[in-house]
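As the structure lists them, so they are numbered: ligands from 1, and atoms in each ligand from 1.
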Amino acid sequence: MNISKYNHYIEQGESCIIFNAYTVSFLITNKRDINKFLLMGNFEELEKEQPQLFYDLCKKGMLIPDFFDEKATYISDVMDRKFSGKTYHMIINMTMDCNLRCWYCYENHIDNSVIGEDTISSIIKHIKLKYDKAPFELLTLSFFGGEPLLYKEKILHILSLINPIASIKGFKITINFTTNSTLLTKDFVDAIKGYHSTFQITLDGCRNIHNTIRKYKDKKAIGSYDRILESLSLIKEHLSDYELVLRINVSPQTSVGLQSMVSDIEPFLDPQRATIAVHKVWQVNEKKIDDCIINNFVKECQTRGFVCTYLDLKYNFAVVMPTI
Ligand code: SF4
């Protein structure tokens with residue numbers, strides 16, 4: 001047997017989370033067992049003393065047979081996915097500008113920057129060429145920024161140019177928005193009703209803390225928290241074919257008061273369509289975040305019927321009870 005190259009180990013107290021990036025699965029077990037058996041290569045002993053753990057590690061591709069060429073199989077899978085021809089995914093960066101000024105923003109904030117007509121023409125040409133060379137069944141368009149909804153009219157313009165091509169060629173379109181959502185309007189929601197749409201919208205903790213972090217560029221404008229809740233409500237009330245990820249950014253600052261958010265957000269989210277995903281702000285030291293607060297928040301959301309994840313470890317969950 002061999003240990004998968006794609007295993008990642010995250011230690012949490014006496015436990016260890018193993019995440020396998022190839023099978024996208026994870027498993028939580030006792031840190032001692034991982035150190036004593038898996039990492040030392042004592043696989044026979046592991047099978048004898050911890051048969052369930054051995055079985056789970058094999059099943060999840062964390063422990064693989066000697067004959068299995070994991071790397072070659074992975075590359076072949078990726079190539080199959082890439083050239084399967086079912087879906088073509090385009091990310092369209094509408095602007096480098098944003099109406100907010102979050103401290104951790106990666107963007108350059110180029111005022112009034114916007115995708116040009118020449119780029120839009122190139123996108124349309126590209127889609128036609130791509131389809132003619134390798135026809136696909138579904139075109140996924142992800143609108144990204146900065147804040148893509150600064151340019152809602154342009155988004156609708158792009159869709160109006162692609163629609164006739166989709167009708168002629170016979171592919172479907174889904175649309176995706178990574179947005180702060182503060183500029184979402186009922187008119188825009190009505191205009192995208194005919195598409196399957198997905199949204200990623202972020203809150204940074206409870207109202208008071210969020211409003212100190214996700215401030216408007218216009219310093220006179222009040223905090224964005226309630227405006228984002230309004231947008232969640234617009235989506236829930238007026239769209240029927242959508243999925244939404246409400247991302248909750250956590251840092252030592254935002255984890256305080258996290259619990260109070262649950263009652264705020266619950267009325268605006270449909271548990272059948274919305275997932276809550278807790279993420280650490282990438283610039284902060286995760287050791288400074290109180291895991292207890294996060295775990296309580298995750299549990300409370302789950303108790304209210306939501307799928308709620310932390311650390312993105314959401315697939316193929318298995319807990320192997322530690323043997324002491
Ligand atoms: S909403 Fe997004 S793009 Fe806008 S400032 Fe915040 S992180 Fe940057």
Return a table of donor-acceptor pairs under 3.5 angstrom between the side chains of residues 187-194 and protein atoms on other chains or two or more places apart.
{"from": "Asp190", "atom 1": "OD1", "to": "Lys186", "atom 2": "NZ", "distance (Å)": "3.4"}
{"from": "Asp190", "atom 1": "OD1", "to": "Lys193", "atom 2": "NZ", "distance (Å)": "3.0"}
{"from": "Asp190", "atom 1": "OD2", "to": "Lys186", "atom 2": "NZ", "distance (Å)": "2.7"}

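Nearby protein atoms of type N, O or S around atom 4 (Fe) of ligand 1 amount to 1 (distance under 2.8 Å).
For the residue pair Asp204/Tyr104, the side-chain donor-acceptor check at 3.5 Å is satisfied. One side chain, Tyr225 or Asp264, offers a donor N or O that lies under 3.5 Å from an acceptor on the other.
Judged by a 6.0 Å distance limit and a 45° cone about the ring axis, Arg273 is positioned over the six-membered ring of Tyr242.
For Ser76 (side chain) and Ala72 (main-chain N/O), no donor-acceptor pair under 3.5 Å exists by modelled atom type.
Side-chain contact between Leu138 and Tyr88: absent, with no pair of heavy atoms (C-beta onward) separated by less than 4.5 Å.
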